[in-house]
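Quick notes on the structure that follows.
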Amino acid sequence: MDLYEYQGKQLFARYGIPVSDGAVADTVEEALAAAERIGYPVVVKAQVLVGGRGKAGGVKLAKDADEVRQHASSILGLDIKGHVVGRLWIEFASDIADEYYASFTLDRSAKKFLGMLSAEGGVDIEQVAEERPEALARITIDPVEGLTAALCREWIAAAGIPAEAEDLLMKLYAAFVDADADLVEINPLILTADGRVHALDAKVTLDDNARFRHDEWEHLEGLEKRDPRERDAADKGLQYVGLDGTVGVIANGAGLAMATCDIVHEVGGKPANFLDIGGGASAQVMANALEVINNDPSVKSIFINIFGGITKGEEVANGIVQALSQVDISSPIVIRLDGTNAEQGREILKGYESDRLVSRPTMVEAARTAVELAEAAR
Ligand code: GDP
Ligand code: MN
């Protein structure tokens with residue numbers, strides 16, 4: 001789960017990381033009230049889960065109430081790379097002497113943490129990594145040993161940033177580990193004109209697998225403006241990711257679901273989603289999956305791709321038939337059933353086939369038919 005900048009900063013503040021005094025605002029009036037309390041100058045910042053807000057006009061300095069009003073009304077409702085701004089973060093403006101970059105993330109191949117630090121912050125860090133990799137000081141941290149003060153000092157020296165950053169970086173590491181984050185990133189980490197090191201931006205991704213030990217994440221969830229389809233699927237316990245195509249995809253197993261999306265692309269179509277119903281294919285799970293797909297207005301055809309393993313083909317087929325009787329489906333369905341007892345399964349489906357429900361023996365044929373049906377329905 002990705003956090004908004006203000007949520008990331010609130011998390012940082014709990015670990016003693018210096019951030020500016022600020023407040024959220026959902027209206028121009030709230031922005032004004034926040035600025036009056038904080039004192040001028042302030043920065044008006046779009047809260048969207050996408051980077052590069054500054055370049056897109058989503059970060060503006062305001063020296064008085066008039067400018068707050070002006071910037072708040074222009075940023076609220078602004079579309080930043082497809083994310084419409086519904087919330088602002090107003091904070092006291094910092095006087096910047098220098099901008100750096102700092103992050104902790106996972107190095108999955110090394111099974112360790114990776115720290116990255118650079119004196120060249122504020123800009124697109126991917127560009128720095130590509131053009132001047134020597135400007136990015138990397139350390140791998142053994143999760144058992146943790147980040148020692150000695151290693152932290154070495155790292156700071158290698159990056160060529162002020163020694164004052166040590167305290168902040170140690171706290172950032174503590175926050176990263178303790179909060180079960182996959183990523184904490186500060187860009188820019190700044191040196192203020194009066195010599196303090198300070199987090200000016202915050203990007204935090206929490207590890208969803210650690211949810212069970214973080215009751216405090218509950219309130220973060222409510223704020224997240226999720227794709228309504230994804231919310232619906234999550235409520236039903238399905239592994240679903242919304243995409244922007246027209247072929248609804250249902251498969252059992254994450255690998256098969258990905259392969260199904262790929263093959264839809266391969267034959268010239270676009271999947272409307274990724275959906276893994278997991279092992280087995282009980283009538284109830286299938287009905288839930290069909291319901292989520294059916295509620296998506298952009299879906300024009302549905303591709304059910306099931307490989308029977310432990311769950312036998314006839315059970316899968318019976319599950320699909322039962323599910324179809326529970327949900328009133330508005331798009332044509334193409335089924336590819338393979339694996340254990342596939343023949344028996346297809347035999348069952350035969351009794352229900354029509355121009356709205358077709359069965360195809362291979363993935364590629366099924367994908368082609370699903371894409372044709374989606375095209376025909378446009
Ligand atoms: P991003 O573009 O989404 O990464 O948003 P940031 O929070 O990183 O802000 C973008 C840029 O705005 C920063 O790199 C700064 O140059 C500038 N900025 C943000 N906050 C302040 C501030 O308090 N004072 C000044 N002078 N500039 C700021
Ligand atoms: Mn930034």
Side-chain angles (χ1 to χ4, degrees), residues 226-261 263-264 269-361 363 366-367 369-371 373-374 377:
R226 281 171 77 179
D227 183 326
R229 300 175 298 174
E230 291 184 0
R231 193 186 306 248
D232 185 19
D235 288 346
K236 293 185 164 76
L238 298 166
Q239 299 297 323
Y240 177 101
V241 181
L243 302 169
D244 56 11
T246 55
V247 179
V249 166
I250 298 175
N252 64 334
L256 185 61
M258 280 191 268
T260 309
C261 289
I263 204 153
V264 166
K270 275 184 136 188
N273 65 278
F274 164 99
L275 198 168
D276 167 20
I277 57 168
S282 76
Q284 192 51 54
V285 173
M286 185 58 79
N288 286 343
L290 281 168
E291 210 168 287
V292 169
I293 303 267
N294 200 44
N295 285 341
D296 181 348
S298 51
V299 167
K300 301 293 177 236
S301 72
I302 301 172
F303 179 5
I304 301 179
N305 191 5
I306 303 290
F307 194 94
I310 295 166
T311 315
K312 296 184 183 67
E314 62 267 33
E315 295 168 35
V316 175
N318 283 326
I320 293 171
V321 170
Q322 265 188 55
L324 289 174
S325 69
Q326 289 174 35
V327 188
D328 189 15
I329 307 291
S330 48
S331 306
I333 298 175
V334 183
I335 302 170
R336 176 262 185 168
L337 181 57
D338 211 336
T340 315
N341 294 0
E343 283 304 324
Q344 288 94 314
R346 285 185 213 141
E347 204 53 46
I348 292 168
L349 290 174
K350 233 179 216 136
Y352 298 86
E353 280 185 43
S354 69
D355 55 348
R356 306 282 296 166
L357 178 73
V358 298
S359 170
R360 292 285 181 267
M363 237 167 109
T369 305
V371 171
L373 288 169

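We count residues from 1, following the sequence as given.
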If you look at every heavy atom in [X] and [Y], which pair is closest and at what distance?
{"X": "A317", "Y": "G345", "value": "CB-O, 3.3 Å"}
{"X": "L256", "Y": "T260", "value": "O-OG1, 2.5 Å"}
{"X": "G278", "Y": "N252", "value": "O-CB, 3.1 Å"}
{"X": "A370", "Y": "V247", "value": "CB-CG1, 4.0 Å"}
{"X": "A323", "Y": "A287", "value": "CB-N, 3.5 Å"}
{"X": "S301", "Y": "A374", "value": "OG-CB, 3.6 Å"}

Do we see a donor-acceptor contact under 3.5 Å between the side chains of [X] and [Y]?
{"X": "T369", "Y": "R360", "value": "yes"}
{"X": "N294", "Y": "S330", "value": "yes"}
{"X": "N288", "Y": "Q284", "value": "yes"}

Mind checking the [atom1]-[atom2] spacing from [X] to [Y]? Nearest 0.5 Å is all I need.
{"X": "K270", "Y": "C261", "atom1": "NZ", "atom2": "SG", "answer": "12.5 Å"}
{"X": "N273", "Y": "Q239", "atom1": "CG", "atom2": "CD", "answer": "13.0 Å"}
{"X": "I263", "Y": "M258", "atom1": "CD1", "atom2": "CE", "answer": "14.5 Å"}
{"X": "I335", "Y": "L349", "atom1": "CD1", "atom2": "CG", "answer": "4.5 Å"}
{"X": "M286", "Y": "Q322", "atom1": "CE", "atom2": "CD", "answer": "11.5 Å"}
{"X": "R229", "Y": "L238", "atom1": "CZ", "atom2": "CG", "answer": "13.5 Å"}

Is any side-chain heavy atom of [Y] closer than 4.5 Å to one of [X]?
{"X": "I304", "Y": "L290", "answer": "yes"}
{"X": "V292", "Y": "I250", "answer": "no"}
{"X": "M363", "Y": "D338", "answer": "no"}
{"X": "F274", "Y": "V249", "answer": "no"}
{"X": "L373", "Y": "K300", "answer": "no"}

R356 and I333: side chain to side chain contact (heavy atoms under 4.5 Å, CB included), yes or no, with the steps?
-> CA-CA 6 Å; R356 306 282 296 166; I333 298 175; over 6 Å; no
Evaluate side chain to side chain contact (heavy atoms under 4.5 Å, CB included) for I293 paired with I329, printing each intermediate quantity in order.
-> CA-CA 9 Å; I293 303 267; I329 307 291; over 6 Å; no
Do the charged groups of D232 and K236 touch, with an N to O distance under 4.0 Å?
->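 Yes, this pair counts.
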Does R346 come within less than 4.0 Å of E343, counting only side-chain N to carboxylate O?
->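 Here R346 pairs with E343 in a salt bridge, since their nearest N and O are under 4.0 Å apart.
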Please check if the side chain of [X] supplies one atom and the backbone of [Y] the other of a donor-acceptor pair under 3.5 Å.
{"X": "T340", "Y": "G308", "result": "yes"}
{"X": "Q344", "Y": "E314", "result": "no"}
{"X": "S298", "Y": "T246", "result": "no"}

Y352 atom OH: more than 12 heavy-atom contacts under 6.0 Å =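 At most 12 heavy atoms, drawn from other residues, nucleotides or ligands, come within 6.0 Å of this atom.
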For D235, does the CG atom have more than 12 heavy-atom neighbours from other residues, nucleotides or ligands under 6.0 Å away?
->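 For D235, atom CG is crowded (more than 12 foreign heavy atoms under 6.0 Å).
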